[in-house]
Amino acid sequence: MNAYIERVLAETKAKNANEPEFLQTVEEVLTSVEPLINAHPEYEKAAILERMIEPERTIEFRVTWMDDAGEWHVNRGYRVQYNAALGPFKGGLRFHPSVNLSIMKFLGFEQVYKDALTCLPIGGAKGGSDFDPNGKSDAEVMRFCQAFMTELYRHIGQDIDCPAGDVGVGGREVGYLYGQYRRLMGNAEMGAMSGKAVSTGGSILRPEATGFGAVYYLVEVLKHDGEDIKGKTIGISGYGNVGWGIMKKAADLGAKVTYLAGPDGYIHDPEGITTEEKLNFILEMRAKDSMHCKPYADKFGCEFVPGTKFWGAKDVDIYMPAATQNDVNLEWAKKIAESGVKYYIEVANMPTTNDALEFLKEQKHITVAPSKAVNACGVSVSALEMSQNAERLYWSAEEVDEKMHSIMTNIYNASVAAAERYGLGYDLVAGANIAGFEKVAEAMMAQGIF
Ligand code: 2IT
């Protein structure tokens with residue numbers, strides 16, 4: 001390995017030994033950009049890697065809120081403002097009990113390169129809390145969001161940092177967060193948060209964007225092999241916003257999601273989750289209880305297999321993990337390889353452990369696509385929301401969709417080109433890392449060392 005990368009990796013591991021998810025993504029990205037680092041010896045003198053690994057700013061704060069019974073609770077809030085070389089910090093907020101600094105830093109680090117890939121003027125950040133919105137009343141969620149923003153507001157702004165949603169933070173939460181921001185600031189600075197409802201300055205198609213974009217990217221991957229998405233079957237994990245968007249767009253294009261995994265097990269619907277009734281049921285099911293997908297099987301009379309994942313099923317053409325990090329480990333990756341499936345398209349942030357990712361990439365019969373590229377349409381439409389807010393205009397669905405298409409095609413093409421430029425062949429994972437990394441490094445070099 002390149003000596004500079006090796007040294008920085010060792011230093012990063014020593015310094016952040018208690019942050020496994022963060023180390024996982026740093027190792028994955030740094031190893032794959034080796035040809036780029038080899039080609040730029042000046043990066044070492046400018047301490048590019050060290051500066052990319054250290055967030056520009058990390059904010060950690062107390063969030064105190066009252067439940068409906070009048071009991072007080074204290075959660076921990078975060079905002080990791082990772083890198084703003086390309087534009088204001090941008091990235092989602094995650095509310096989930098698993099949230100800790102390691103998860104925030106891994107998500108923030110990934111966000112920097114994802115946001116660079118979009119070619120829109122946005123830096124990378126991530127935030128959130130270990131608050132669990134599941135099972136909370138609407139009033140509790142509102143009070144939590146208001147308490148969270150009462151600290152966060154002083155650190156964000158349309159030209160500073162624009163948070164949005166992620167796991168556990170959807171339109172409702174963004175609404176409450178933005179409402180509190182507006183109240184505290186005394187102005188309607190709409191570009192300070194994205195993922196807002198259309199009625200309050202949001203962009204049309206933002207809820208659908210991540211899932212739709214993932215399917216647009218998939219279409220490019222299939223095109224490369226002379227394949228059509230029509231008639232293809234897809235297995236996904238996760239039925240949050242992203243999974244829902246995939247189901248919807250796949251159905252629009254004549255494909256169908258036939259496997260769906262949730263925290264409680266998986267369902268198999270050979271007919272596909274394609275009708276409006278089924279898609280709406282998914283939304284209702286998630287709103288009621290995001291921990292169980294079994295109600296879908298009960299309602300539509302299909303198979304439910306409790307307590308396991310469907311990775312390894314043979315009667316599906318494409319796997320799209322869209323749940324959360326480290327969904328697919330080496331053991332599952334081996335089952336995926338044995339199944340004979342040709343496409344492994346990551347959608348959730350870092351859904352694959354590093355050894356599993358390496359293993360899947362080595363399988364000649366599988367094309368692997370990285371989440372950084374595949375799920376970038378969500379943040380892209382967030383950035384388009386910022387543009388619309390700055391213009392004080394709303395764009396039509398056609399306008400937004402057309403931009404979504406071209407952004408995703410560009411990301412795919414830029415990834416293919418970057419891998420080829422560095423002699424790596426058709427490597428979508430390294431290609432995306434290199435293309436994103438190159439943009440950030442160039443901007444940092446241009447701005448001087450600090
Ligand atoms: O992971 C992601 O890209 C997001 N959660 C969306 C971030 C955003 O700013 O819309």
Look up atom OG1 in Thr25 and atom CD in Glu19, then write down how far apart they are to the nearest 0.5 Å. 12.5 Å

Answer yes or no: does atom CD of Glu442 have more than 12 heavy-atom neighbours from other residues, nucleotides or ligands under 6.0 Å? no

Evaluate the side-chain proximity of Ile273 to Thr258: yes if any heavy-atom separation is below 4.5 Å, no if none is. no

Please report the C-alpha distance between Glu227 and Lys232 in whole Å, then the side-chain angles of each, then the deciding distance to 0.1 Å, and finally whether the salt bridge (Lys or Arg N to Asp or Glu O under 4.0 Å) criterion is met. CA-CA 10 Å; Glu227 299 258 8; Lys232 292 278 186 294; 2.9 Å; yes

Output for pair (Tyr217 OH, Ile345 CD1), nearest 0.5 Å, gives 7.0 Å

Salt bridge check: are Lys105 and Glu54 linked by an N-O gap of less than 4.0 Å? no

Which pairs with one or both residues in residues 1-13 pass salt bridge (charged side-chain N to carboxylate O under 4.0 Å, His left out), sequence neighbours excluded? Arg7-Glu11, Arg7-Glu44, Arg7-Glu50, Lys13-Glu27

Go through the structure and list residues passing side chain to side chain donor-acceptor pair (under 3.5 Å) with Lys256, not counting sequence neighbours. none

Within residues 165-177 or reaching into it, pairs that qualify as salt bridge (charged side-chain N to carboxylate O under 4.0 Å, His left out) - sequence neighbours excluded: Arg94-Asp166, Lys126-Asp166, Asp138-Arg172

side-chain contact (heavy atoms from CB on, under 4.5 Å) partners for Leu424, two or more places apart: Pro35, Ala419, Tyr422, Asp427, Ala430, Ile434

Would you find more than 12 non-hydrogen atoms of other residues, nucleotides or ligands less than 6.0 Å from Glu276 atom CD? no

Just jot down the side chain to side chain donor-acceptor pair (under 3.5 Å) partners of Tyr344, sequence neighbours excluded, or say none. Thr352

Looking just at side-chain N and O atoms, do Asn241 and Glu208 make a donor-acceptor pair shorter than 3.5 Å? no

For Met291, does the CE atom sit with more than 12 other heavy atoms under 6.0 Å from it, leaving out its own atoms? no

Which residues pass the side-chain contact (heavy atoms from CB on, under 4.5 Å) test with Ala214, sequence neighbours left out? Ile246, Met320, Val347, Val374

With a 4.0 Å cut-off, would you call Lys314 and Glu338 a salt bridge? no

So Trp395 and Lys403, do their side chains get closer than 4.5 Å, heavy atoms only? yes

Quick one: which residue pairs count as a salt bridge (charged side-chain N to carboxylate O under 4.0 Å, His left out) with a foot in residues 366-383, not counting sequence neighbours? Glu28-Lys372, Glu110-Lys372

Report the relative orientation of the aromatic rings in Phe437 and Tyr113; use parallel for angles under 30°, tilted for 30 to 60°, perpendicular for over 60°. parallel

Salt bridge (charged side-chain N to carboxylate O under 4.0 Å, His left out) pairs touching residues 324-334, sequence neighbours excluded, are Lys309-Asp327

Contact between Ile103 and Asn100 at the side-chain level, heavy atoms closer than 4.5 Å - yes or no? yes

Contacts table for residues 127-136: side-chain donor-acceptor under 3.5 angstrom, sequence neighbours left out:
residue	atom	partner	partner atom	Å
Ser129	OG	Arg76	O	2.9
Ser129	OG	Phe131	N	3.1
Asp130	OD1	Asn75	ND2	2.8
Asp130	OD1	Arg76	N	3.1
Asp132	OD1	Asn134	N	3.0
Asn134	OD1	Ser290	OG	3.2
Lys136	NZ	Asp132	O	2.8

Listing, residues 115-123 side-chain donor-acceptor contacts under 3.5 Å, not counting sequence neighbours, or none:
residue	atom	partner	partner atom	Å
Asp115	OD1	Gln111	NE2	2.9
Thr118	OG1	Asp115	O	2.6
Thr118	OG1	Leu120	N	3.1

Please say whether more than 12 non-hydrogen atoms of neighbouring residues, nucleotides or ligands are located less than 6.0 Å from NZ in Lys342. no

Flag side-chain contact, heavy atom, 4.5 Å: Lys299 against Glu277: yes

What I want to check is whether the side chains of Ser194 and Lys90 have a donor and an acceptor closer together than 3.5 Å. yes

Classify the ring geometry of Tyr216 against His405: parallel below 30°, tilted from 30° to 60°, perpendicular beyond 60°. parallel

Would you say Tyr239 and Trp244 make side-chain contact, with heavy atoms under 4.5 Å? no

Partner residues of Asp298 under the salt bridge (charged side-chain N to carboxylate O under 4.0 Å, His left out) criterion, sequence neighbours left out: Lys294

A side-chain contact here means heavy atoms from C-beta on lying under 4.5 Å apart; do Arg51 and Glu56 qualify? no

Spacing of OG1 belonging to Thr353 relative to CG belonging to Asn329, to within rounding of 0.5 Å: 5.5 Å

For residues 290-309, which residue pairs pass the ring-ring contact (aromatic ring centres under 6.0 Å, His included) check, not counting sequence neighbours? Phe281-Phe300, Tyr296-Phe300

Check this for me, if you would: do Lys196 and Glu385 make a salt bridge, where the nitrogen-to-carboxylate-oxygen distance has to be below 4.0 angstrom? yes

